[in-house]
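See structure below.
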Amino acid sequence: MPKDFLKDAKPNYDVIVIGSGLGGMTTANILAKSGYSVLLLEQHYKLGGMATWFKRPGGKIFDISLHGFPYGMVKSCRRYWSQDIADQIVQLKGVRFDNPMFSLTTTYNRNDFTNLLCNDFGVEEAKIKEFFDFARGMNFYDDQKITTGQLFERFFPGRQDVVRLLMEPIVYANGSTLEDPALTYGIVFSNFMSKGVFTFKGGTDQLVKRMHQEMKDNGVDSRINCSVESVNVERGKVKSVTVNGREINAKAVISNANLSTTIFKMVGAEKFDKDFLDEARDVRLNSTSTQVYMSLKEGEQVEHSTGDLLFSSTSKEFSTDKLLSREITSRTFSFYYPDLRPNPKNRCFIVSSTNANYEDWSTLSKEDYEESKRELVENTLDALEEYVPNCREKIDHAEAATPLTFEHYTRHERGSSFGTKFEGLGVSRGLPEQIQGLYHAGSCGIIMSGWLGTINYGVIVANDVDSLLMKQASSVS
Amino acid sequence: MTPGEIRTAVLDILEGIAQDDDLGQLDDSVAFREQLELDSMDFLDIVMELRKRYRVQIPEEDYPKLESMGSTVEYLTPLMADISA
Ligand SMILES: Cc1cc2nc3c(=O)[nH]c(=O)nc-3n(C[C@H](O)[C@H](O)[C@H](O)COP(=O)(O)OP(=O)(O)OC[C@H]3O[C@@H](n4cnc5c(N)ncnc54)[C@H](O)[C@@H]3O)c2cc1C
């Protein structure tokens, strides 16, 4: 008989969370800490969602989405997880840009950027201050009509180089483009600029392990290999979920899975208003990624001066379309040194990431797909040669992941790496108005994506759920 | 709770949230944002703590009422009148 991953699960919970991405785990943890009974269901064989890693023989370990996040993670981890987790967060001080317009190294914070823009790019200091203050003041309730492109045009007209410096890392951080609402840029950029780029010392596996322990201590019942088939609704209210063929009841269900999968596949279109469905159908998914994972042979090292995060490009101009194209001219290299990313053989790892279009990969025949992956690896090694001389001799393992890989492991439609475009946030927030007790807490709206964005969104949704459950409890008693 | 007790209760919550700020100097008539390093997550934390500790429910549309200490205490006074300190 196959193993029962739901062994001893109860028939009723206060809360069921579908998916163990950072958003889902955060919601589950907070609600369990508040005293609710919580069941966390994850379809994959490990927790973490896109916050994940994989191993290869010889002590190799690769992080998928640990390239950097803003300082706000320290506060969010301390408050909603534990001091111990927050204490592992450290700054990545070597952020490098190398492209035909400029080459520089920065700590990627407001002070350093002000100096750079002033001294190297010749921008007036008052203008820089005005820009930073404007970006920082942006919030949710702002006019969403102005786009990021227009924002740059207003402050730095005709300055492609300045736009590249200000925009390129954010495109990698959340897939946003010059056509997206400026506030999606302003919020994320300001988050980074407050103190710089940070990482989790010890690697993603350590983070997820500690979060798992913390959830256990707080009483979350978490289950892997449990794929939710449907969320069942009765008279406008959430009733239960069906998972691995079994029905389990809950007063509230929070989906951390893809937003449209949640609406159209798990709940079913017939349960929603027509207007809501129209809005939900119009939600655009965010872009996806390709990555190449490389490990250096035992004993080989990369100089620390190579940097931690390197935005490299051979493209003369900067355009967000180019960053997505399969004619890859731009990539971000993350260098993992053994002091921050401990591993048994003290190896150095390098991960190259590019943003990508799903169609460029999904339409290929099996042979073309394999061939394209090989090409991606070869081209990446060629590009790396510039920064790590003789890299082909030093590297003993290199493999690629494509949008199809991301789709396979996270079940995100079209392998979307950062959830949805801005309009997805309104639809996500609108779910509980459609069906009482149904929530979505997963990357969406650009601002609610990335490690920090999804953790914070998990907090926001936990607050809503707590509020509902408390109201229900007081109306019963 | 009296307005004075409510103020103490809010201050106690703020101490956990704005750990790097000096709350002794807080001016009740000036917005929190102008005196403390508070972001929107911090405001959400205040709401969550009030619910956890005193079971007061603050709907999202009322969040702007938590602008300063003065406005917060004024808003909470009727809601927390029946709670014993
Ligand atoms: C290549 C790449 C690089 C990135 N780099 C960074 C970075 O450097 N910094 C940063 O901050 N962010 C980065 N991100 C983004 C960040 O990883 C994500 O925004 C974040 O981890 C998403 O979390 P989430 O809570 O939305 O859930 P996800 O991680 O999307 O998890 C959703 C979970 O739901 C599960 N699930 C789906 N369907 C079901 C079902 N039916 N039943 C049960 N479980 C289900 C999935 O298996 C998954 O575990 C990167 C993303 C990618 C892809």
Side-chain angles (χ1 to χ4, degrees), chain A residues 26-27 29-36 70-80 83 86 136-142 183 186-188 190-191 194-195 429-430 432-433 441 447-448 452-475 477, chain B residues 1 6 9-23 26 30-68 71-72 75-85:
Chain A
T26 303
T27 306
N29 191 49
I30 292 178
L31 290 171
K33 232 197 279 202
S34 308
Y36 297 109
Y71 182 72
M73 268 293 275
V74 173
K75 192 169 81 181
S76 290
C77 285
R78 169 164 54 80
R79 250 185 235 163
Y80 315 118
Q83 186 67 46
R136 216 181 86 126
M138 292 185 119
N139 69 55
F140 220 47
Y141 311 101
D142 286 343
L183 79 99
I187 290 176
V188 177
S190 304
N191 281 346
S194 79
K195 290 221 163 69
R429 301 290 293 148
E433 285 155 31
I447 52 174
M448 299 303 179
L452 178 62
T454 35
I455 287 184
N456 285 349
Y457 196 38
V459 177
I460 292 172
V461 174
N463 174 55
D464 296 340
V465 175
D466 183 29
S467 174
L468 172 86
L469 294 179
M470 195 178 277
K471 236 180 262 164
Q472 282 182 350
S474 55
S475 66
S477 60
Chain B
M1 287 170 96
I6 294 172
V10 175
L11 206 58
D12 192 57
I13 290 173
L14 273 178
E15 260 157 24
I17 292 167
Q19 290 185 341
D20 302 329
D21 288 298
D22 178 11
L23 295 168
L26 195 73
V30 175
F32 286 127
R33 257 179 210 277
E34 284 170 36
Q35 312 176 67
L36 310 171
E37 292 271 330
L38 292 188
D39 58 27
S40 50
M41 291 308 289
D42 296 320
F43 281 96
L44 185 64
D45 282 340
I46 299 175
V47 171
M48 293 199 296
E49 278 304 311
L50 282 169
R51 186 168 54 234
K52 202 185 281 170
R53 297 185 190 187
Y54 304 103
R55 305 183 74 84
V56 226
Q57 294 267 21
I58 305 176
E60 204 170 329
E61 58 272 19
D62 289 348
Y63 289 3
K65 305 234 163 86
L66 308 181
E67 197 194 6
S68 66
S71 68
T72 303
Y75 171 72
L76 291 174
T77 301
L79 296 178
M80 295 173 70
D82 297 340
I83 299 170
S84 49

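Proteins get letters first, then strands, A, B, ... in listed order; numbering begins at 1 in each.
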_Nearest 0.5 angstrom please: A/Asn456 CG to B/Asp39 CG, how far?_
8.0 Å
*asked:* For the CZ atom of B/Arg51 and the NZ atom of A/Lys471, what is their distance to the nearest 0.5 Å?
replied: 9.0 Å
*asked:* Check A/Lys75 with B/Glu37, please: is the shortest side-chain N to carboxylate O separation under 4.0 Å?
replied: no
Decide if atom [atom1] of [X] counts as having more than 12 heavy atoms of other residues, nucleotides or ligands within a radius under 6.0 Å.
| X | atom1 | answer |
| --- | --- | --- |
| A/Tyr71 | OH | no |
| A/Arg78 | CZ | yes |
| B/Glu61 | CD | yes |

*Checking A/Arg79 side chain against B/Asp45 main chain: does a donor-acceptor pair fall under 3.5 Å?*
no
*Start with the C-alpha gap between A/Asp466 and B/Lys52, add the side-chain angles, then the distance that decides, and say whether side chain to side chain contact (heavy atoms under 4.5 Å, CB included) holds.*
CA-CA 9 Å; A/Asp466 183 29; B/Lys52 202 185 281 170; 5.7 Å; no
*Where on A/Ser34 is there a heavy atom nearer than 4.5 Å to chain B: the side chain, the backbone, both, or neither?*
side chain
*Of the backbone (N, CA, C, O) and the side chain (C-beta and beyond), which part of A/Ile30 lies under 4.5 Å from a heavy atom of chain B, both, or neither?*
neither
*Which residue out of B/Gln19, B/Met41, B/Arg55, B/Met48 racks up the most heavy-atom pairs below 4.5 Å with chain A?*
B/Met41
*Go through the atoms of B/Ile58 and report whether side chain, backbone, both or neither lie under 4.5 Å from a heavy atom of chain A.*
neither
